[in-house]
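Only one structure is covered here, and it is reproduced in the block below.
Hydrogens, waters and symmetry mates play no part in the numbers below; they use all other heavy atoms, side chains included.
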Amino acid sequence: MLRPRIPVNPLPTGLVTPLVQPTAPAADIEPVACHHNHTPAPVPATPRIQVPAVRLTPTGLVTLVAGGAGLVLIVGTVLVSMLLAVAITGASIALIAVVLRLLIRDLQKGR
């Protein structure tokens, strides 16, 4: 029988206390013989399900290519519009910052 090796656990105080392990195996325990069959039951074979292979006709291939191209165009349009929105927002914030800086400078001069 395999015995696991338990590591020594260091305590926070720095003292190392080993765990107590039995020194001799219990030899007085005898296995009990039983009178029934221990062979595993046979497992029935699972039927294989045949999945039909995907076959593309020329029309299906054209449709697939057109759908992929359309998807790329739509995603590209959305991404470009988002980039344009960020660019316009950044430009408007920069313009507002310049105007505010000029107004504050005019207020400090006392005009």
Side-chain angles (χ1 to χ4, degrees):
M1 179 183 216
L2 298 174
R3 288 190 214 154
R5 293 171 108 1
I6 300 173
V8 176
N9 296 329
L11 297 176
T13 59
L15 299 174
V16 178
T17 307
L19 296 175
V20 178
Q21 294 186 1
T23 56
D28 57 346
I29 300 175
E30 295 180 13
V32 178
C34 56
H35 304 289
H36 59 277
N37 190 6
H38 284 279
T39 58
V43 178
T46 57
R48 295 187 119 195
I49 299 172
Q50 294 291 331
V51 179
V54 177
R55 298 179 195 269
L56 287 177
T57 61
T59 306
L61 186 62
V62 169
T63 305
L64 185 65
V65 168
L71 183 67
V72 167
L73 289 176
I74 290 172
V75 170
T77 302
V78 169
L79 291 178
V80 166
S81 64
M82 288 172 61
L83 181 64
L84 184 62
V86 169
I88 290 172
T89 304
S92 65
I93 289 174
L95 183 65
I96 290 171
V98 169
V99 170
L100 283 176
R101 190 172 72 178
L102 291 174
L103 287 174
I104 290 173
R105 187 178 295 164
D106 284 343
L107 286 174
Q108 288 176 351
K109 287 183 178 179
R111 290 185 182 177

Handout entry: Apart from Leu71 itself, residues in the same hydrophobic cluster as defined by side-chain heavy atoms under 4.5 Å
Key = Val75, Leu79

Practice task
Applying side-chain contact (heavy atoms from CB on, under 4.5 Å), name anything that partners Thr59, two or more places apart in sequence or on another chain.
Solution key: Thr57, Thr63

Handout entry: Other ILVMFWY residues reachable from Val80 by side-chain steps of under 4.5 Å
Key = none

Practice task
Each residue besides Val65 in its hydrophobic cluster should be listed here, by chain and number; the cluster joins Ile, Leu, Val, Met, Phe, Trp and Tyr at side-chain heavy-atom distances under 4.5 Å.
Solution key: none

Problem - Shared-cluster residues of Ile88, by chain and number - hydrophobic side chains joined below 4.5 Å - result: Leu84

Practice task
Kindly indicate, with the supporting measurements, whether the criterion side-chain contact (heavy atoms from CB on, under 4.5 Å) is fulfilled by Ile104 and Gln108.
Solution key: CA-CA 6 Å; Ile104 290 173; Gln108 288 176 351; 3.8 Å; yes

